Chemist: 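What follows is a structure written as structure tokens; I'll ask about it next.
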Amino acid sequence: MIARPGPREDHAVTAASTPTPDAPTCRWCGGTDGTVVLDLGEQPPSDHFPPADDPGPDPVHPLRMWLCGACGLAQLAEDPTTPEEPRGAEPDALVAQARDAVARVEAAGLLPRGGTVSEFGSPHGGSWLGLLGATGLTEASAADGPADVVVDCFGLMHAADQRRGLEERTAATAPGGVLLLQFHTLAAIVADGAWNALRHGHFAYYATPVLARMLDELGFEVTHGFLFDLYGGTVLLAARRRGVAGPRDPASVQALLERETALGVTDPAVLAGLEDAARRSAEDLRAHLVASRDAGRHVLGYAAASRAVPLLNRAGVGVDLLPAVADGAPAKQGRRMPGVGIPIVAPDAVVARRPDEVVLFVTDMLAEMRRRMPEVEAGGSSWVIVDPAVRVVTPAG
Ligand SMILES: [Zn+2]
């Protein structure tokens, strides 16, 4: 048989070779004792969607979470060279949370009127500078030196060298200034079984007690802790150099530390629950799609989201089980899911192809999709959500 280019179901497992991963060295403390708590195997970069006629094999890299036994920082075990993450559209939930966070930080007296602010950016969030400017802060230029307020929203995790990353942020903070660090707490990732938070390019996964200790090592004291619902648990810490006068709310910090410590966020056995969650998700999805195929049901996917990539690859789902994934982004249409040969099509295919089921890879979009595509349920089809467990959404549900 002559090989032909085009999407094929056997892309999934075409790693040319499996390099033996080196023993990890902690990105914070340099320690080498630790535990792999989540191993997703060889995974393609989740934001690289090859053209549909690119026969592959796609580049793949090991994707493992390693917990340092010395300092407790959960981190990427490997450092594959991955392209810069594209800056995504800013979801409404993120905009609302930023407004809430700035209001709470201002109410805590942490934003000096007439002071300066500088921001460490991230591919995920929009900038907080507009909101902070409205409170009376002005953006510091490079010539101004360290700023009175330094803000980092989901940025620090992108630093491969965590010590250098945090040192850059503390150095950018004026002697009497405040450093604001926001992150998706590992406590929430573990509690929700959110294994697909593990991502190439996201080098560290912070629990509050661990990040507080890291700051302490650099002479910074956490003065306030704020908790938000975003992503099931987003934490914002405010920190200042030890001994510097200013507002403090030790009870807010203590509450977060106790809550996360009680969850066992630095216990390898607790974190290994993510491995079970990953295995269950993959097995459930595969079993569901096999049953649908055997029953002759026509299935389509929706949203060529980054989080669908490790799930489809881990579950070994190819075009035989999922013939296409629809997505509203024109840049993704005509391409395919990395690692698996599933083509990405325009959303009108969902209505035109009249599938029996639409598997939705972004559960948060369910209400919006039911509104935008009433034809799906009106025509007798069902939405199926997969995150965290596979569930067929009934019209009443
Ligand atoms: Zn360490």
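The structure presented is a predicted model; accordingly, all values stated were derived computationally and were not measured. Along the sequence shown, residues are numbered consecutively beginning with 1.
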Chemist: Look at the side chain of Arg286 and the backbone N and O of Gly316, then say whether any donor-acceptor pair between them is shorter than 3.5 Å.
Modeler: yes
Chemist: Enter the distance from Ile344:CD1 to Lys332:NZ here, rounded to the nearest 0.5 Å.
Modeler: 7.0 Å
Chemist: Under a 3.5 Å cutoff, is there a donor and acceptor pairing between the side chains of Thr234 and Gln97?
Modeler: no
Chemist: Do Leu63 and Leu198 pass the side-chain contact (heavy atoms from CB on, under 4.5 Å) test, and can you show the C-alpha distance, the side-chain angles, and the key distance before you say yes or no?
Modeler: CA-CA 8 Å; Leu63 182 54; Leu198 184 65; 3.9 Å; yes
Chemist: Strictly distance-based, threshold 3.5 Å: is any side-chain N or O of Thr35 a donor or acceptor partner for the main-chain N or O of Val37?
Modeler: no
Chemist: Please identify each residue that fulfils ring pair (Phe, Tyr, Trp, His ring centres under 6.0 Å) with Tyr206, with sequence neighbours left out.
Modeler: Phe183
Chemist: Taking the side chain as everything from C-beta on, heavy atoms only, tell me whether Val149 gets closer than 4.5 Å to Leu110.
Modeler: no
Chemist: When clusters are formed by joining ILVMFWY residues with side-chain heavy atoms under 4.5 Å apart, either directly or through shared neighbours, do Val325 and Val386 land in the same one?
Modeler: yes
Chemist: Kindly compute the distance separating CZ (Arg391) from CG (Leu366), expressed to the nearest 0.5 Å.
Modeler: 7.5 Å
Chemist: Could you report the tightest heavy-atom contact between Cys71 and Arg213, atom names first, then the distance?
Modeler: O-NH2, 3.4 Å
Chemist: Applying a strict under-4.5 Å side-chain criterion to I, L, V, M, F, W and Y, I'd like to know whether Val178 and Val253 cluster together.
Modeler: no
Chemist: Would the number of heavy atoms belonging to other residues, nucleotides or ligands and lying under 6.0 Å from CG of Asp294 be above 12?
Modeler: yes
Chemist: Check the side chains of Asp284 and Ser281 for a donor-acceptor pair under 3.5 angstrom, ignoring hydrogens and angles.
Modeler: no
Chemist: Without swapping roles, check the side chain of Gln333 against the backbone of Asp327 for a donor-acceptor pair under 3.5 Å.
Modeler: yes
Chemist: Judged by atom type as modelled, is there a donor-acceptor pair below 3.5 Å linking the side chain of Arg335 to the main-chain atoms of Ala52?
Modeler: no
Chemist: Which value, rounded to the nearest 0.5 Å, describes the distance between Arg163 atom CZ and Cys26 atom SG?
Modeler: 8.5 Å
Chemist: Please tell me if the side chains of Leu285 and Leu312 come closer than 4.5 Å, counting only heavy atoms from C-beta onward.
Modeler: yes
Chemist: So, Glu260 side chain and Val265 main chain: donor-acceptor pair closer than 3.5 Å or not?
Modeler: no
Chemist: Looking at NE2 of His202 and CG of Leu76, how far apart are the two atoms once the value is rounded to the nearest 0.5 Å?
Modeler: 9.0 Å
Chemist: Are the side chains of Asp356 and Ser292 in touch, meaning some heavy atoms are under 4.5 Å apart?
Modeler: no
Chemist: State, yes or no, whether a side-chain contact exists between Gln162 and Leu166 at a heavy-atom distance under 4.5 Å.
Modeler: no
Chemist: I'd like to check Ser141 versus Asp144 (side-chain heavy atoms, cut-off strictly below 4.5 Å). Are they in contact?
Modeler: yes
Chemist: I want to check something: taking the side chain as every heavy atom from C-beta on, are Val340 and Asn313 in contact at a cut-off of under 4.5 Å?
Modeler: yes
Chemist: Which heavy atom of Pro347 sits nearest to which heavy atom of Ala326, and what is that distance?
Modeler: CA-CB, 4.0 Å
Chemist: Is the CG atom of Asp216 crowded by more than 12 outside heavy atoms at less than 6.0 Å?
Modeler: yes
Chemist: Report, as yes or no, whether the 6.0 Å neighbourhood of atom CZ on Arg297 holds more than 12 heavy atoms from other residues, nucleotides or ligands.
Modeler: yes
Chemist: Take Leu289 and Val359, measure what side-chain contact (heavy atoms from CB on, under 4.5 Å) needs, and give me the verdict at the end.
Modeler: CA-CA 9 Å; Leu289 292 176; Val359 174; 4.2 Å; yes
Chemist: Find out whether Gln75 and Phe203 are in side-chain contact, i.e. whether some heavy atom of one side chain is under 4.5 Å from a heavy atom of the other.
Modeler: no
Chemist: In terms of hydrophobic clusters joined by side-chain contacts under 4.5 Å, are Phe49 and Val317 together?
Modeler: yes
Chemist: Within the distance-only criterion (no hydrogens, no angle test), does the side chain of Arg241 pair as donor or acceptor with the backbone N or O of Thr173 below 3.5 angstrom?
Modeler: yes
Chemist: Keeping His184 on the side-chain end and Tyr231 on the backbone end, is there a donor-acceptor pair under 3.5 Å?
Modeler: yes
Chemist: Checking Leu256 against Leu227 for the side-chain contact (heavy atoms from CB on, under 4.5 Å) test, could you report, in this order, the C-alpha distance in whole Å, the side-chain angles of both residues, the deciding distance, and whether it holds?
Modeler: CA-CA 8 Å; Leu256 278 173; Leu227 178 63; 4.2 Å; yes
Chemist: When you check the side-chain N and O atoms of Thr135 and Glu106, is any donor under 3.5 Å from an acceptor?
Modeler: no
Chemist: Would Val384 and Val319 show up in the same hydrophobic cluster when neighbours are defined by side-chain heavy atoms closer than 4.5 Å?
Modeler: yes
Chemist: Using every non-hydrogen atom in the two residues, find where Gly301 and Val358 come nearest and quote the distance to one decimal.
Modeler: C-CG1, 4.4 Å
Chemist: What residue among Glu42, Glu283, Glu275 forms salt bridge (Lys or Arg N to Asp or Glu O under 4.0 Å) with Arg314?
Modeler: Glu275
Chemist: Hey, does the Lys NZ or Arg CZ of Arg169 hover above the aromatic six-ring of Phe220, less than 6.0 Å from the centre and inside 45° of the axis?
Modeler: no
Chemist: Within the distance-only criterion (no hydrogens, no angle test), does the side chain of Glu139 pair as donor or acceptor with the backbone N or O of Gly133 below 3.5 angstrom?
Modeler: no
Chemist: Would you compute the distance between atom OG of Ser382 and atom CD of Glu377 and round it to the nearest 0.5 angstrom?
Modeler: 7.5 Å
Chemist: Anything under 30° is parallel, anything over 60° is perpendicular, the rest tilted; go ahead and classify His224 against Phe226.
Modeler: parallel
Chemist: Angle class for the His200/His61 ring planes (parallel below 30°, perpendicular above 60°, tilted otherwise)?
Modeler: perpendicular
Chemist: Taking all non-hydrogen atoms of both residues, which atom of Pro24 and which atom of Arg64 are closest, and how far apart?
Modeler: CG-NH2, 4.5 Å
Chemist: Is a side-chain N or O of Glu375 found less than 3.5 angstrom from the main chain of Val351, in a donor-acceptor match?
Modeler: no
Chemist: Quick check against the 3.5 Å criterion: does Thr32 have a side-chain atom that pairs as donor or acceptor with the backbone of Thr25?
Modeler: no
Chemist: For Met337 and Leu322, run side-chain contact (heavy atoms from CB on, under 4.5 Å): C-alpha distance rounded to whole Å, both residues' side-chain angles, the deciding distance at 0.1 Å, then the answer.
Modeler: CA-CA 11 Å; Met337 301 300 286; Leu322 191 63; over 6 Å; no
Chemist: Do you know the tightest heavy-atom contact between Leu321 and Arg293?
Modeler: CD2-NH1, 3.6 Å
Chemist: Check whether any side-chain heavy atom of Cys153 sits under 4.5 Å from a side-chain heavy atom of Leu236, and report yes or no.
Modeler: no
